[in-house]
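Below: one structure, written as C-alpha cells.
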Protein chains: 2
Amino acid sequence: MSATIKDIANKVGVAPSTVSRVLSNKTKYYNSLTAEKVKKAAEELGYKKNQAAVELVKRESNVIAAVVSSVKTNFAGEIIDGIQEEALKHGYDLIVVYAGSADSDEQKRALLTVIERPVMGILLLSIALGEDNLKLLKESQIPYCFLSMAFDDNRPFISSDDEEVGYKATKLLIDKGHRKIGLAGIDKFPYTGRLRLQGYKKALDEAGIVFQEDWIQTGDYSYLSGEKAMDQYGKDTDLTGIVAVSDMVAIGLLNKARNLGLNVPGDLSIVSIDGTEMCRIVQPQLTSISQNFFEMGKSGVQRIEDIKKHKKLVNLQQMIPTRIEERQSTTQKENLTYF
Amino acid sequence: MSATIKDIANKVGVAPSTVSRVLSNKTKYYNSLTAEKVKKAAEELGYKKNQAAVELVKRESNVIAAVVSSVKTNFAGEIIDGIQEEALKHGYDLIVVYAGSADSDEQKRALLTVIERPVMGILLLSIALGEDNLKLLKESQIPYCFLSMAFDDNRPFISSDDEEVGYKATKLLIDKGHRKIGLAGIDKFPYTGRLRLQGYKKALDEAGIVFQEDWIQTGDYSYLSGEKAMDQYGKDTDLTGIVAVSDMVAIGLLNKARNLGLNVPGDLSIVSIDGTEMCRIVQPQLTSISQNFFEMGKSGVQRIEDIKKHKKLVNLQQMIPTRIEERQSTTQKENLTYF
DNA sequence: GTGAAAGCGCTAACAT
DNA sequence: ATGTTAGCGCTTTCAC
C-alpha cells in the first residue's frame, strides 16, 4: 500500500494533523521548517493523498461528473472541452462516464458510478433519463443539469432553442427562394426532435407553404439516417431544399444525393444543424445552424457553481444562442415561381 | 445528507453490520426476512452507498480509469467502446478523464485525479507521459497499460505495429505501380511517427526506390496538417501516391488536392491510416490501413485483469493486428514506367 | 444469523 | 505552531 500521512508523521517526528495541514496548504498554521521536512518526506515516500478518505470526512469533493449518452455523438467532445476549461478555472476535476442513450440499465449504472461517490455536480450530455433514473438523480441531492437537451417539465437544462433552430434552418431556405423543403433524420420522440419539427412547420406556415407529410423523414441523427432519407426522397424528388437535423444526417444526405446524380447545391440545397467540424471537411462545405456546444459546457459548470452557492434557483432553463453559418451547400433558387 | 446504513439500521431495528451484509449481498449471512425489511427501508430512505467509505476500508474499487490525450482524436471513442464493453463483462465501472496530450501540468492533473482514489487500473489512450508523470504513475502501484501508443522502453502497452502499418500502407501503393510516394502529417517525435516512417522507408527500400526528403511532410495528425502537406506538395507534384498518417490528414489531403484541381484517385492515390468511420463518409471513400481500436480497448481491460491476478508479468508489450481496406482513393497506376 | 467493536486515511475542532 | 481526539460511512473480525 501507498504511504499515509501517519508514515510521514512518524518519519518526520510530528503529528499526523501537522502533516495534514502542510499537505493541504493550511498556510499560517505551520512553520516553514516543518513544512520543508514534511514535504521532503512525502516526496521520498512517494505519498499520494487518498481522496476517498478526504471525501469521506469532508463530505464534498471537487470533481464534476459528466454523463455522456454515447461515445459517438460528434459534438460531445466540444461540450466536454467547454466543461473542462471552465472546471479548470474553478479548480474542479472532471470525470466522464458513458451511458447508452437508450438502455435504462446502462444509464442507471453510469449514474450510480457517479452518484455513489461525493461528486459536487453532475452534467448530463444529450441524455434523456427515464423516470426511475431521474428519481435516482434527484434523491442523490447532488446538483445537476442537463446539457444539449430540453425538457418540458421543470428539469434544469442548458440547450439551444430547438424550435428556433428548426425555424432558422427552414427560414434560411425559404429566404433563398425554396418552397419545397424536406426535414430529414428527425426522431419521433419528445423534446429535441419535436421542437425542431415545430420550428420547421412554423417557418413553412409563415411563408404560406402547405406542408406535406412525405417531406419528413424520420431517423436517429446518424449518417445512415441521412442516406436512408435521401433514398426515400429519391432521385426525382421535387424538393429543392432539405433541413438535416444533424451534421451526420446532412453528410448522409449529401453523399446519397451525389450517388443519385443530384448536384448539391445546384439541384438541392442542404442546411445542417449542429455546425461541428464535419461541416468544414466535406465538400461542398455544409451551411449550418451552429450550436455553441463549447458555451453549453462552460455554462453547465457555472450552473453547478450557482446551485451550490445559492442553494435554490435550481430549475433554471437556459438557452444558448445559435448562429447561421452559410457555406457551400445552399444556393439561391433562380426560377422564383412567384414573380 | 443522504441516508446511511446507520439510519437504515435504526429504522429496521438491527445493527449496521447486518444492514451492510444485506446490502453487500453476503448471502447466507442473513435471513431473508431481515433482508426484506432492510431493502425496503433502504428504498424508502433513498439510500445510496457511499463508495468513498467502501473504498477506504476495502482499499480497492471496481473502477477502471481511462486517461485520454485529447477530446478530439476521432478514434478514442472506439477504444473507449471496447473498454466499456469488456469492463461491463467483468463488472467494472469506467471513468474517463481528459488530459492535453502535450501539456505536462494538465497530464499530471488528470493523472492525479485518478491516482488519488483507489481505482483498480489505469488505461492511457494515445498519450506519451513525461518522465515525472510516468514516475507518478509507477509509484501509485496501480496496474496500468498504454493503449494505441508504443514505446521502446519497457512500459506495458497495446498498440498496432506502427512500423508494419507504415510498411503496409506504402507497399499497397507500390503494388499498385506507384514509385513516387509521399508520407504526410507525420510528427517528428519518437514512437508512432518514427516507427511509421521506418516502415515507409523499408517498403521503399525493398522496391529499390530511392527516397527523397521532400516526399515527407510533417504535421500533427490533424486535418490542417493534411491540407498544409498537400499545399507543400503542390499542384504539379510528381508524387502519384501519398500515405496519410491519420484519417483526418487524409481528408485534408483529399480536399486540398481537389481544390488544386487534382483528381483522387485519378491523378493521386491516397491511403489513410486508422480506418475510422470518416473513411466511409468522404468521397471518394478512403482506402485505409485500419487499426482495431475496439480490440485495443478490450485487451486493455484484460491486461489490467491479468496484472491484478498474476501480479507480475507487467511489462508485456502487445500488438493488435491491422487490416487493409481498399476503398476508392487508390488506383492502379497505368503507365508503369519500368516495363 | 446478528451485534459489538475496531479501523481504513484523513480533517477539524479543541487544546495547549 | 503543533499535538490530541473524535469521527466521516462503511466492512470485517470476533463473539454470542
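To find a chain, count down the sequence lines: A is the first, B the second, and so on, and within it residues start at 1.
For the pair B:Lys26 NZ and D:dT12 C1', the computed distance is 9 Å after rounding to whole Å. Note: CD (A:Glu116) to P (D:dC10) measures 10 Å, nearest angstrom. Here the P atom of nucleotide C:dT11 and the CD atom of A:Glu60 are 12 Å apart, to the nearest Å. Per the geometry, CG belonging to B:Asn25 stands 11 Å off P belonging to D:dT11, to the nearest Å. Across the protein-nucleic acid pair, A:Ile5 atom CD1 and C:dG9 atom C1' stand 6 Å apart, rounded to whole Å. Taking atom CG on B:Asp7 and atom C1' on D:dC8, their separation rounds to 13 Å, with Å as the unit.
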Step by step, would you call A:Glu131 with A:Lys135 a side-chain contact (heavy atoms from CB on, under 4.5 Å)?
CA-CA 6 Å; A:Glu131 270 313 317; A:Lys135 180 155 167 282; 5.9 Å; no

As a quick check of understanding, evaluate side-chain contact (heavy atoms from CB on, under 4.5 Å) for B:Gln291 and B:Met296, giving each step before the final call.
CA-CA 9 Å; B:Gln291 305 194 59; B:Met296 277 184 217; 3.5 Å; yes

Chi angles and distances behind the side-chain contact (heavy atoms from CB on, under 4.5 Å) call for A:Tyr92, A:Val119
CA-CA 10 Å; A:Tyr92 303 145; A:Val119 302; over 6 Å; no

Pair B:Met149-B:Thr192, side-chain contact (heavy atoms from CB on, under 4.5 Å): steps then yes or no
CA-CA 7 Å; B:Met149 190 111 208; B:Thr192 310; 4.0 Å; yes

Let's test your reading of the pairing rules: Watson-Crick or G-U wobble, both distances under 3.5 Å, then write DNA chain C as a dot-bracket string with ( ), [ ], | and dots.
||||||||||||||||

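Taking the six-membered ring for Trp and thresholds of 30 and 60 degrees, A:Phe293 and A:Phe75 have nearly parallel ring planes, at less than 30 degrees apart.
Taking 4.5 Å as the limit, some side-chain heavy atom of A:Leu112 sits within range of a side-chain heavy atom of A:Lys108. When side chains are defined from C-beta on, B:Ile80 counts as touching B:Leu94, because their heavy atoms get closer than 4.5 Å.
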Would you tabulate the nitrogen or oxygen pairs shorter than 3.5 Å linking the protein to nucleotides 14-16 of chain C?
none

Between protein and nucleic acid, restricted to nucleotides 6-8 of chain C and to nitrogen or oxygen atoms under 3.5 Å apart, what atom pairs and distances do you find?
| from | atom 1 | to | atom 2 | distance (Å) |
| --- | --- | --- | --- | --- |
| C:dC8 | O3' | B:Arg59 | NE | 3.1 |
| C:dC8 | O2 | B:Val57 | N | 3.4 |

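Remark: side-chain polar atoms of B:Ser24 are not paired, donor with acceptor, to backbone N or O of B:Lys26 under 3.5 angstrom. Using a distance-only test at 3.5 Å, with no hydrogens or angles considered, a donor-acceptor pair links the side chain of B:Lys48 to the main chain of B:Gly46. Here the side chain of A:Asn133 pairs a donor or acceptor atom with the backbone of A:Ser104 at under 3.5 angstrom. Here the side chain of A:Ser61 pairs a donor or acceptor atom with the backbone of A:Val63 at under 3.5 angstrom. Looking only at distances, a side-chain donor or acceptor of B:Gln317 sits under 3.5 Å from a matching main-chain atom of B:Asp153.
Counting all heavy atoms, side chain and backbone alike, A:Ile5 lies closest to A:Ser20 at CD1-CB, 4.5 Å. Closest approach of B:Asn50 to A:Pro118, counting heavy atoms only: OD1-CD, 4.4 Å.
Annotation: proximity of residues 10-19 of chain B to DNA chain C (heavy atom, distance under 4.0 Å) is found for B:Gly13, B:Val14, B:Ala15, B:Ser17, B:Thr18, numbered in ascending order. For DNA chain C, the residues of residues 39-50 of chain A within the heavy-atom distance limit of 4.0 Å (strictly under) are A:Tyr47, A:Lys49, A:Asn50, sorted by number.
Considering A:Ile83, A:Ile320, A:Val68 in turn, A:Ile83 is the only one that fulfils the side-chain contact (heavy atoms from CB on, under 4.5 Å) rule with A:Leu147.
Every side chain to side chain donor-acceptor pair (under 3.5 Å) that B:Thr34 has, sequence neighbours left out, goes to B:Asn31.
Residue B:Thr34 places at least one side-chain N or O under 4.0 Å from the OP1 or OP2 atom of C:dT2. One finds no side-chain N or O of B:Ser24 lying less than 4.0 angstrom from the OP1 or OP2 phosphate oxygen of D:dC10.
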